[in-house]
Amino acid sequence: MIISVASGKGGTGKTTVSTNLAASLDRPLKLLDCDVEEPNAHLFIKPEHLVSKIESTFVPVIDEQRCTGCRKCADLCQFNALAVIGDKVLVFPELCHSCEGCRLICPEQAVEEGHRELGTIETGVWKHVSFSYGRLRVGEAMSPPLINRVQSLIEPDDLVIIDAPPGTSCPAINAMKVSDFVLLVTEPTPFGLHDLVLTVEAVRQLSIPCGLVINRADIGNDELYHYARREGLPILLEIPFQRTIAEIYSRGGLLVEQSPEWRTRFCQLFASILQAAAEAEVSQ
Amino acid sequence: MKELVVISGKGGTGKTSLTAAFGSLADNHLFCDTDVDAADLHLLLDPKVLEKNEFIGGSKATIIADHCSGCGLCTEVCKFSAINEDFVVDPIECEGCGVCHAFCPEHAVDFQPRKCGEWFTSTTRFGPMVHAHLGIGEENSGKLVSLIRKQAQILAQENQLELIVTDGPPGIGCPVIASITGASAVLILVEPTVSGLHDMKRVAELALHFKIPAMVCINKYDLNTEMTQAIESETEKLNLLTVGRIPFDPAFTMAMVNGKTIMEYAPSSELAETVNSIWTTIRSSEFLTKKEARILPIMK
Ligand code: SF4
Ligand code: SF4
Ligand code: SF4
Ligand code: SF4
């Protein structure tokens, strides 16, 4: 079972939900922070025995001795990562998407394998949670390849909670697409609703069942609730706005460690997810 | 012409509310919303769209079954495992690299540029606005961001506007890089939380990497004053200008519900005064007043 915790808009409490959900369960699980641009889960689930692994990706290196300047590689490259000036090939490694097309097409075998660092994957343990997160190198533009590397740690039959990046474009889709259920964290404000509508559309395109967690449930207005009813989206948990909750979060604390009541609620949330996922399967 | 980009690393720090408020205070400016993935600024500014344009992004492959001989070469060359055993391309997995198209011996792969989003030139009650919407699951957000920044610059030049106020995207990846490269300055809006501090350090590092001057503003500072101090000592260490602190105030949310900026919703409040004085500090900072013309190197 793979559960993604996602949100259209950033800062809605996605990490609060994923870390508290992971901490409240009493069985071994994997928590994968795929918000590799700004990973935060490790600030709440503080893993021990962290091992760091550098991840890199293919970029071409041109052997000037062999290259004839025929331009075949630059014509093929869709991402403007190669340019031919005179009879020399210029490589812009930061634009390369690692398709290796240039290497395949070069008639002179002049394209050799080089590397660009994507970032690191940190893996550690916290109680029953085996925890990994990606950390995109500052300056690296493409997050999906690193997200895919983090997800390659999933093994069949694992119980996995994924902290997905915000938004509805390729990084978010990449993080969500492997999951069996998407938990969408939102808040009842015009911004929250607007971004939720887009995310729901994205999740539906992926044909993955989803449910809502409403954070800061008592601010804003009712529009979100009307929308959820209209669309038949189950509301699986509501978290009120309380200064104490905001304070626990601000210092990197876990709600479920501060109050047994919250632990019960997050356990219930997990039960509701299992039920909603089962119902979705039946109705398919 | 100067360009100020408001970013936050982490989303949800009140970036859009503040950008709109600043815009209502600035004069001779235009707005640009480069959070093309989850654009929200229009909810406060209610733009009247003057011009709507298609954004043609990258291509994706489709295999025309009638022309396909089933030789399997495409599946071998596709590094993204986007082609299944029946030779159908999964559009979600397809990276748009065109390698299958280049190698298919039967020319069975269709590879056309597609519409990936839309962008708009609009007017608002506080001046012109350039904004966009990226299609769901689309790539190339960086390309769309560069495109609308370029449009904003052209529009500013044509109308002799001095300042572009940009609402930037969250994160540190491609849309953020495209939003800040060549800008006059960024304003990093941060909340006093461990994650806020962590994310601020990463965007500040990014700004430094691209040599963009950065300023910092702390929102909801009273939710954790200890953390606020930690952030301020960090900004000092990084040699960044701290332009002010904003208290936690539900009025921001109420203003949003009413589709207004905080300056319109609570014009004579203490909060409005704080925002006003922060804006004055930003506007008079050397980054936005220096005379020398900055050439803006925008990516293609
Ligand atoms: S690997 Fe692909 S994207 Fe990279 S330079 Fe070669 S053709 Fe371009
Ligand atoms: S395809 Fe090979 S030989 Fe031709 S320009 Fe590229 S690297 Fe040089
Ligand atoms: S390479 Fe062309 S002909 Fe061969 S299987 Fe792929 S699409 Fe069909
Ligand atoms: S365009 Fe590239 S990623 Fe897409 S199917 Fe063809 S080879 Fe694979």
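Atoms considered below: every heavy atom in the structure, side chains included; atoms not considered: hydrogens, waters and symmetry mates. Chain letters run A, B, ... following the sequence lines, proteins first, then strands; residues in each count from 1.
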Measuring from B/D199:CG to A/D35:CG, what's the distance to the nearest 0.5 Å? 8.0 Å
Please classify the contact between B/M256 and chain A as side chain, backbone, both or neither, with a heavy-atom cut-off of under 4.5 Å. both
Taking C-beta and beyond as the side chain, do B/H198 and A/P39 meet within less than 4.5 Å on heavy atoms? yes
Sub-3.5 Å donor-acceptor pair from the side chain of B/D37 to the main-chain atoms of A/G167, do we have one? no
Is the closest basic N to carboxylate O distance between B/E226 and A/R251 below 4.0 Å? no
How close do A/S169 and B/E138 get, heavy atom to heavy atom, and via which atoms? CB-O, 3.4 Å
If you count heavy-atom pairs within less than 4.5 Å of chain B, which of A/T15, A/T189, A/T12 leads? A/T189
Just how far is it from atom OG1 of A/T57 to atom NZ of B/K79, taken to the nearest 0.5 Å? 11.0 Å
Straight-line distance of B/I92 CD1 to A/I173 CD1, nearest 0.5 Å: 6.5 Å
Heavy atoms only, distances under 4.5 angstrom: which of B/A102, B/S59, B/G9, B/G98 has the most pairs with chain A? Name it, please. B/G9
Do B/R202 side-chain atoms and A/V138 backbone N/O form a donor-acceptor pair below 3.5 Å? no
Where is the tightest heavy-atom contact between A/Y249 and B/S195, given as atom of each residue plus distance? OH-OG, 2.8 Å
Pick one of side chain, backbone, both or neither for B/E93, based on which atoms fall under 4.5 Å of a heavy atom in chain A. side chain
Side-chain donor or acceptor of A/E37 paired with backbone N/O of B/I172 under 3.5 Å: yes
Which bit of A/R103 is near chain B, if near means a heavy-atom gap under 4.5 Å: side chain, backbone, both or neither? neither
Are any non-hydrogen side-chain atoms of A/C99 and B/V99 less than 4.5 angstrom apart? yes
Quick check against the 3.5 Å criterion: does B/N224 have a side-chain atom that pairs as donor or acceptor with the backbone of A/E247? no
Approximate separation, where rounding is to 0.5 Å, of B/I136 CD1 and A/T199 OG1: 8.0 Å
Is the ring pair B/H42/A/H194 parallel, tilted or perpendicular, if the boundaries are 30 and 60 degrees? perpendicular
Quick one: do A/R243 and B/D222 satisfy salt bridge (Lys or Arg N to Asp or Glu O under 4.0 Å)? Show the steps, please. CA-CA 10 Å; A/R243 262 193 126 89; B/D222 50 341; 3.5 Å; yes
Residue, of A/E140, A/M142, A/K177, that accumulates the most heavy atom pairs under 4.5 Å with chain B: A/K177
Given side chains that start at C-beta, do those of A/E38 and B/V203 come closer than 4.5 Å, heavy atoms only? yes
Euclidean distance, B/F80 CZ relative to A/N148 CG, rounded to 0.5 Å: 9.5 Å
So what's closer than 4.5 Å to chain A heavy atoms on B/P192: side chain, backbone, both or neither? backbone
Give, as side chain, backbone, both or neither, the part of B/L134 having an atom under 4.5 angstrom from any heavy atom of chain A. side chain
Let's test your reading of the structure: which of B/S8, B/P170, B/A39 forms the most heavy-atom pairs below 4.5 Å with chain A? B/A39
Any side-chain heavy-atom pair of A/S250 and B/V194 under 4.5 Å: no
Where B/S17 and A/F191 come nearest, the two heavy atoms and their spacing: OG-CE2, 4.1 Å
When rounded to the nearest 0.5 angstrom, what distance separates SG in B/C97 from NE2 in A/H97? 10.0 Å
Determine whether B/H133 and A/L198 make a side-chain contact, defined as any pair of heavy atoms from C-beta on separated by less than 4.5 Å. yes
Contact class of A/A246 relative to chain B, heavy atoms under 4.5 angstrom: side chain
Answer with side chain, backbone, both or neither: which region of B/F111 has an atom nearer than 4.5 Å to a non-hydrogen atom of chain A? side chain
